[in-house]
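Please read the structure below before turning to the comments.
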2 protein chains.
Amino acid sequence: MTYAEVFTALADPTRRSILEALRDRPRTVGELAAEQPVSRPAVSQHLRVLELASLVTAEPQGNRRLYSVKREGLDELRQYLESFWSETLSAYGAEIARRVGGGNTKS
Amino acid sequence: MTYAEVFTALADPTRRSILEALRDRPRTVGELAAEQPVSRPAVSQHLRVLELASLVTAEPQGNRRLYSVKREGLDELRQYLESFWSETLSAYGAEIARRVGGGNTKS
DNA sequence: CATTAAGGTAAGTAAATACTTACCCACTAT
DNA sequence: ATAGTGGGTAAGTATTTACTTACCTTAATG
């Protein structure tokens, strides 16, 4: 899993909607599909993408599969953002702080 | 600008590559295009998307436009991640901590 | 002024992707 | 065993989207 897959996964509104539904409580595929404006197979396909991005996990329960959110994917993303920003700072240095700080205080 | 646009913007590898180039130092469109495997107009189009997502800003300098990274977009994203996770926790509660903490202890 | 350089926009194309229906397999229960 | 339910997968379609070339406008330079 890489942050690339996480970005891809979260770029789609339906997938975000599914993930936000799971945020409240774990759900089965059928439950999720009932809430979404798309077909059940579509939801299955979205869940596969979310799973590959480590944003959800499935737990088989007899006949059904219970999906819940997983932390890894979001962690990966947070990590990317952090390192991105810190590298920006170390490159631009005080320059950027002045420029984007929210108004030029130096002038 | 919403987090949705930020996710969309960062989902594309070329756009991430452009943004990562800008992370080192501000650059003109021509410079960026020279580094990327795509044409200059393509870069222009990507820059528009990045700008709409508040990930970059352009500063006209005579004939050229100097692009640099902007904090807003990434901030929006960080905020989304934070609130997402905190809402997950308040819903799942200790449940999730146990479940994803690194193995099911209950079974 | 005429020319060159920089870069945004338009229009069209090709590739990716989000959907659909149809099908199939695994469990549950009669 | 046989329905019935839940859900993954296949195959095809339609929409998005990332790219291209061609064009146009603005700024620097002879």
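Just the heavy atoms: all of them, side chains too, but no hydrogens, waters or symmetry mates, feed the values below. Please read all numbers here as calculations on a predicted model, not as lab measurements. Throughout, protein chains are lettered first and strands after them, A, B, ... in sequence-line order, and every chain is numbered starting at 1.
When the P atom of D:dT5 is taken as reference, atom CG of A:L66 falls 20 Å away, rounded to whole Å. Between B:R64 atom CZ and D:dA28 atom C1' there is a gap of 9 Å when expressed in whole angstrom units. Across the protein-nucleic acid pair, B:L50 atom CG and D:dA18 atom P stand 11 Å apart, rounded to whole Å. Between the C1' atom of C:dT17 and the CZ atom of A:R15 lies a distance of 9 Å, rounded to the nearest Å. With rounding to whole Å, A:E51 atom CD is found 13 Å from D:dG7 atom C1'. In this structure, the CD atom of B:E59 is 16 Å from the C1' atom of C:dG7, given to the nearest Å. Atoms CD (A:Q61) and P (D:dG6) sit 14 Å apart, rounded to a whole Å. Counting to the nearest Å, the C1' atom of D:dT16 and the CG atom of A:D12 are 11 Å from each other.
A:R25 has a carboxylate O that lies under 4.0 Å from a charged side-chain N of A:E31, or vice versa, which qualifies the two as a salt bridge. Salt bridge B:E35/B:R27: present, at least one basic N to carboxylate O contact under 4.0 Å.
For the pair A:P37 and A:G62, nearest-nucleotide mapping onto DNA chain C gives the more 5' position to A:P37. Each of B:Y67 and A:T14 has a nearest nucleotide on DNA chain C; the 5'-most of these lies closest to B:Y67.
Listed here is the closest heavy atom pair of A:Q36 and A:I18: NE2-N, 3.8 Å. Nearest heavy-atom pair across A:R15 and A:A9 is NE-O, 2.8 Å.
Within the 4.0 Å cut-off from OP1 or OP2 of C:dC19, not a single side-chain nitrogen or oxygen of A:S39 is found. Residue B:R65 places at least one side-chain N or O under 4.0 Å from the OP1 or OP2 atom of C:dG8.
Counting only heavy atoms from C-beta outward, the side chains of A:T14 and A:V43 never approach each other to under 4.5 Å. Counting heavy atoms from C-beta outward, B:W85 and A:R71 have side chains that approach closer than 4.5 Å.
The side chain of B:N63 lies closest to D:dT26, out of D:dT20, C:dG8, D:dT26. Of the candidate nucleotides C:dG8, C:dA18, D:dC19, C:dA18 has the atom lying nearest to any side-chain atom of A:H46.
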Check nucleotides 10-16 of chain C against the protein and report each pair of N or O atoms closer than 3.5 Å, with its distance, or say if there are none.
none

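Residue side chain A:R40 reaches the base of D:dG8 through a donor-acceptor N/O pair under 3.5 Å, judged by distance alone.
If you check the side chains of A:E59 and A:S68, you find no donor sitting under 3.5 Å from an acceptor.
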